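As the structure is a prediction and not an experimental result, all values here were calculated from the model. Labels below follow one simple rule: chain letters A, B, ... track the order of the sequence lines, proteins then strands, and each chain is numbered from 1.
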There are 2 protein chains.
Amino acid sequence: MKNSDFVAVRCEECPIRHRAVCARCDGDELAILESMKTYKQYAAGETILWRGEPLDYVASLVHGVASLSKTMEDGRTQMVGLLLPSDFIGRPGRTEVEFDVVATTELTLCRFERKPFEKLVVETPHIAQRLMELALDELDAARDWMLLLGRKTAREKIATFIDMLAQRSLASGSANDLKLELPMTRDQIANYLGLTLETVSRQFNALKKEGVISLSGRKEIEVVDLLALRTATGDDSDGGMLS
Amino acid sequence: MKNSDFVAVRCEECPIRHRAVCARCDGDELAILESMKTYKQYAAGETILWRGEPLDYVASLVHGVASLSKTMEDGRTQMVGLLLPSDFIGRPGRTEVEFDVVATTELTLCRFERKPFEKLVVETPHIAQRLMELALDELDAARDWMLLLGRKTAREKIATFIDMLAQRSLASGSANDLKLELPMTRDQIANYLGLTLETVSRQFNALKKEGVISLSGRKEIEVVDLLALRTATGDDSDGGMLS
DNA sequence: CGTGAGATTGACTATATTCAACCCTAGTGG
DNA sequence: CCACTAGGGTTGAATATAGTCAATCTCACG
């Protein structure tokens, strides 16, 4: 489904109903959220929030992909998070974010005004609990990424990145052939992995030459040899035989 | 104060009373925690929790320093968090940790059995809210560290590390000369910064040669030129003039 | 005072970056 | 319908930065 096809839906039919911040809500709670929400679309490349900008809305990502990134004075940038459908933007008790939030694909947000939402969080343990879980999931993801950034080789970084996309594709139950669409340009992938875009390109083509993946077009990847890919991530010695 | 001198205290007199998970608790809530808590000491180098081990206790770090680290099959390790006094170990809804928790100095924990504590969290919004804040603080710290790991040079990493220690020393109100004690060995610092211990050593001595810091003994550092140190972190162009 | 873990230093190497040229290809307008 | 163009991607050569391996030093401790 293309993002531009998206139209507002009732919460009960929302594709992220069971995973977003509203996951634990019962009917009454959902009705309140329903009355508060507004949808907003963004085009690929558009900045959703600038670092330091006051945070008037919080939101759930309905579909599409967004990135969180930090930039140094001299222009070096590092992506510090990747937001996928059901992920949450904004946090209780903070009035601004200290990174940029950018749409890497077309995307749709389900937004709530921050102030009323914060009031709702206090009154609704189901939402507070789910927010806590989401924050802890992000923390786990950040820590895995720290290991990647600090200790993995370029090859392992690329393999880990592709494997992550593959896992997600399999988990989301869609076609279980391993054809993936890259949600980012080489440059953005480089910023995510702490590499340069040239190194990203070289490693993609090295894996292709070895027959681990195949590439076609700019954003299509197919995983040809999942076992070899797993081995190349450096994460485990058995190439993921247990999964 | 040496850790070994620490003896159990009443919560009201606890050094981390206003920053730990109990920060928002009123007298009644504090009385409940008081009745549940037990103190436990660890020696420097001792492992507090192994990755994957079942989590029977959660705890606040009363004093000393602990580290969270992940290790790859081939032995490469990356520290993914540094725990300072008032930081919390363990999390609601998870029965194990997926990193090792190690004491880098002598330290004292204020422990609670996990099950009763989780029950208390549900019944006590003051604790749940504080846990959320602590989790978000950790998330911010992790993201800053991702920028460091992914994009900073060895020199910038070392300067950032020393600056962080200096900030903390100033903040904790202790003597405002900039003499610091390193809470870790070169090897541990290397694991924190995504470097090798040789590179850590070389960069420390380069900064010393340039007169930015001075070193004496194994763990004593003095910041001689804070402005130069700030500049060397790469974080801002003005060397921190506004602070 | 001796010992050993931790730290330093040096020489060499490897990996990824930098700089530069060139190549696709999707989208545009003639 | 085709040629043009620009943004993204690839490839190569030279370089730089941090890693590796190895020898030596030094401090803190018994």
Given atom [atom1] of [X] and atom [atom2] of [N], what is their separation to the nearest angstrom?
| X | N | atom1 | atom2 | value |
| --- | --- | --- | --- | --- |
| B:L215 | C:dG6 | CG | C1' | 14 Å |
| A:N205 | D:dG12 | CG | C1' | 13 Å |
| A:N191 | D:dG9 | CG | P | 12 Å |
| B:R76 | D:dT20 | CZ | C1' | 14 Å |
| B:L197 | D:dA18 | CG | P | 15 Å |
| B:D74 | D:dT20 | CG | C1' | 15 Å |
| B:E220 | D:dC27 | CD | P | 12 Å |
| B:R218 | D:dC25 | CZ | C1' | 9 Å |

Residue among A:N191, A:D187, A:T71 satisfying side chain to side chain donor-acceptor pair (under 3.5 Å) with A:T77: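 Option passing the side chain to side chain donor-acceptor pair (under 3.5 Å) with A:T77: A:N191.
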
Is it true that [X] and [Y] have a side-chain N and a carboxylate O under 4.0 angstrom from each other?
| X | Y | answer |
| --- | --- | --- |
| B:R218 | B:E181 | no |
| B:R155 | B:E210 | yes |
| A:D225 | A:R230 | no |
| A:R94 | B:D137 | yes |

Kindly give the atom pairs (protein nitrogen or oxygen, nucleotide nitrogen or oxygen) under 3.5 Å for nucleotides 16-20 of chain C.
residue	atom	partner	partner atom	Å
C:dA16	OP1	A:A154	N	2.6
C:dT17	OP2	A:T196	N	3.4
C:dT17	OP2	A:T196	OG1	3.1
C:dT17	OP2	A:T199	OG1	2.4
C:dT18	O4	A:R202	NH2	2.8
C:dC19	N4	A:E198	OE2	3.1

Pair A:K152, A:T160: side-chain N/O donor-acceptor within cut-off below 3.5 Å: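 A:T160 and A:K152 do have a side-chain donor-acceptor pair below 3.5 Å.
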
Between B:Q41 and B:T108, a side-chain donor and acceptor under 3.5 Å: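 The answer is yes; a qualifying pair exists.
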
Under 3.5 Å: donor-acceptor pair, side chain of B:Q203, backbone of B:V200: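 Absent.
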
Any donor-acceptor N/O pair, A:E222 side chain to A:L180 backbone, under 3.5 Å: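 A pair under 3.5 Å: no.
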
Touch class at under 4.0 angstrom, heavy-atom based, for A:G217 against every strand present: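 Nothing, no nucleic acid heavy atom in range.
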
Terminal axes of the helix from C:dC1-D:dG30 to C:dG30-D:dC1 (five pairs each): angle between them, nearest 10 degrees: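 Here the helix ends are tilted 40° relative to one another.
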
